[in-house]
Amino acid sequence: MSAGEITPVLIRLKLSLLRNGLRQSGGRRAAYITSAVFALLFAALQLIGLIALRGHAHAASVVVLAVAVLGLGWAVMPLFFPSGDETLDPTRLVMLPLRPRPLVRALLTASLVGIGPLFTLCLLAGSVIAVARGGAAFAVGVVAVVLALLVCVALARAVAAANVRLLTSRKGRDLAVLSGLVIAVGAQIVNFGAQRIGASGLGELDPAGDVLQWVPPASAIGAVHAVSEGSYGRAVAQLALSAGALAALLAVWSRHLTRLMTSPDGSTLATADTAARTRSSTGLAGLLPAGRTGTVMERSLRYVWRDPKIKAAWVTSLAIGLIVPVFNAWQGTGSVYFACFAAGMLGIQMYNQFGQDSSAFWMVAMTISSTRDAHVELRARAYALLLITLPYAALVTVLTTAMLGDWPRLPEALGLSFALLGAMLATGAWTSARFPYSIPQEGYKNVAPGQTGLAWISIFGGMIGAALLCAPVIALTIWLNVSAADDDLAWLLLPVGTLYGALLTAVGLRLAAPPTARRLPEILQAVSKG
């Protein structure tokens with residue numbers, strides 16, 4: 001079949017998949033319509049805003065940067081939202097007598113149907129209007145819009161085809177939970193950039209724009225600006241870059257399609273050598289204590305490494321715990337005490353310890369027959385968390401202090417961080433026993449239906465309790481800073497905060513052990529609902 005014969009069929013297929021998906025439930029239909037309305041409204045407002053930039057001295061830098069970010073979004077979309085478009089999976093067509101090249105052209109055309117391409121088209125059109133001056137620039141703008149749109153779509157398709165075996169597996173779908181990390185990190189970067197622009201103006205974007213105007217698909221919009229300035233040679237080079245990128249992406253896409261449609265799926269089969277290496281890997285266990293403590297620590301650390309949702313929570317906490325103090329220090333508006341944010345973000349991982357086990361907690365419950373067993377279990381989980389949080393909190397504190405150059409405050413910040421970490425370990429152990437809740441293994445939810453109240457009480461109630469427990473160290477810090485003895489005694493906050501945090505952890509684990517041993521059936525029932 002030729003591309004002309006396949007294209008209408010694939011367009012109808014995409015529309016049918018969309019229509020049938022919306023028929024599944026009223027909630028899904030309402031969510032789709034609502035998201036479509038908001039996306040189109042945002043696209044319209046963006047179009048108006050870009051048109052309003054017309055004639056601005058830095059308009060070219062703004063639109064080039066916007067198109068570059070748009071292209072990045074198209075590249076990562078298939079990785080974080082693999083179920084957003086059923087036609088992203090070409091393995092559904094492997095049994096049909098289709099050749100890769102006609103199939104690529106047909107899929108590319110079908111990909112232009114949807115809210116995403118329409119949103120992209122609005123942004124690209126607004127970008128051209130913002131920078132184009134003269135008939136020649138608008139004529140090049142038409143070509144630039146088509147090229148940039150095709151590059152974005154081809155980029156998403158090539159990424160999806162290259163990773164389709166992973167994305168259609170269970171582990172691949174669970175990668176979508178990392179989108180929370182992207183959103184969190186992206187929000188901090190946008191906030192930092194907005195503050196810099198607000199302080200210095202749009203001229204701050206010029207250096208980035210000068211570089212990104214040579215990176216497809218932003219190079220297509222850069223060509224429109226070049227024609228407006230009379231630099232026709234530069235415009236031809238930038239259009240050629242976009243056209244070359246499109247050709248390269250189509251070639252990569254075609255090659256991956258050929259491989260997918262002609263080779264067996266071995267992505268989930270481990271080789272004998274890999275399995276042998278996995279079985280013989282005892283490096284982690286060899287470094288941990290013997291007995292139950294080491295076993296529980298190893299299990300907890302393996303959960304962090306292997307479970308997608310636990311890994312996503314840890315990576316997000318590690319990233320935000322570093323970004324907030326470092327970005328504020330970078331701007332010169334932060335404080336060394338912002339480093340406590342790292343200890344606070346990582347201390348949250350102690351909350352709902354048993355809910356992280358989900359239904360597998362029954363195997364743990366079988367090994368707990370006394371308060372002592374419960375205490376050893378909780379203590380080992382806290383030790384596993386401390387292996388990561390203690391050096392990380394110290395590293396973030398030292399880095400923040402170095403960026404600010406406020407070395408006399410380093411002992412105070414470290415003491416506060418360690419005291420806060422100990423308080424959160426104590427309250428986290430207690431709330432894990434008193435307010436456990438289930439974490440669904442599939443989908444994007446982190447709390448099972450009907451248990452939202454438990455999650456709020458566990459996390460926010462525990463955080464308030466941790467803040468109250470840290471009050472003595474906070475009061476001591478304030479007193480030392482307002483008294484004349486600040487320079488001579490400030491170093492005491494490091495040993496005082498460390499010992500106080502260790503004491504809180506020990507007491508919290510002791511107090512949490514009895515309810516853990518006593519409430520095992522209730523805990524097992526609560527964490528198994530997901």
Side-chain angles (χ1 to χ4, degrees), residues 188 297 301 304 314-351 379 381-429 462-509:
Q188 293 297 328
M297 290 178 66
L301 294 173
V304 173
W314 270 93
V315 172
T316 302
S317 295
L318 289 169
I320 298 179
L322 176 66
I323 288 172
V324 170
V326 168
F327 270 35
N328 279 279
W330 191 3
Q331 297 176 82
T333 59
S335 167
V336 69
Y337 301 113
F338 278 23
C340 296
F341 202 82
M345 288 298 301
L346 296 180
I348 293 176
Q349 304 308 316
M350 188 63 186
Y351 293 88
R379 185 183 63 191
R381 291 176 182 243
Y383 284 169
L385 191 144
L386 285 171
L387 281 179
I388 303 173
T389 55
L390 271 179
Y392 185 79
L395 176 64
V396 172
T397 305
V398 172
L399 180 60
T400 305
T401 304
M403 294 181 68
L404 292 171
D406 194 6
W407 292 108
R409 296 283 184 270
L410 178 60
E412 301 177 24
L414 280 174
L416 277 174
S417 293
F418 294 156
L420 176 61
L421 182 58
M424 297 195 75
L425 291 178
T427 56
M463 291 172 66
I464 293 173
L468 294 176
L469 289 175
C470 284
V473 180
I474 296 174
L476 178 60
T477 304
I478 296 174
W479 178 76
L480 288 176
N481 276 276
V482 299
S483 68
D486 176 34
D487 295 335
D488 298 327
L489 300 177
W491 64 271
L492 288 175
L493 280 169
L494 177 55
V496 169
T498 303
L499 292 175
Y500 186 71
L503 178 63
L504 288 178
T505 301
V507 173
L509 293 174

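Keep in mind it's a predicted model, so treat the numbers as computed, not measured.
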Side chain proximity check, [X] to [Y], heavy atoms < 4.5 angstrom:
X	Y	answer
W407	V398	yes
I348	S317	no
L301	I388	yes
L493	P411	no

Item to complete: Using the side chain to side chain contact (heavy atoms under 4.5 Å, CB included) rule, pick out the option among N328, L322, V324 that qualifies with F341.
Response: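 The residue from N328, L322, V324 that satisfies side chain to side chain contact (heavy atoms under 4.5 Å, CB included) with F341 turns out to be V324.
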Report the distance from atom [atom1] of [X] to atom [atom2] of [Y], rounding to the nearest 0.5 Å.
X	Y	atom1	atom2	answer
T427	Y351	OG1	OH	2.5 Å
D406	T400	CG	OG1	11.0 Å
E412	T477	CD	OG1	6.0 Å
L504	L499	CG	CG	11.0 Å
Q349	R381	CD	CZ	13.5 Å
L390	L385	CG	CG	9.0 Å

Over all heavy atoms of both residues, which pair between [X] and [Y] is shortest? Give the atoms and the distance, please.
X	Y	answer
A394	F418	CB-CZ, 4.4 Å
A429	G508	CB-O, 4.4 Å
M424	A343	SD-O, 4.2 Å
L404	S335	CD1-C, 3.5 Å
M350	L425	CG-O, 3.7 Å
A423	A466	CB-O, 3.6 Å

Worksheet item: Is the backbone of V473 close enough, under 3.5 Å, to the side chain of Y500 for a donor and an acceptor to pair up by distance?
Response: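 The answer is no, because no donor-acceptor pair under 3.5 Å joins these two groups.
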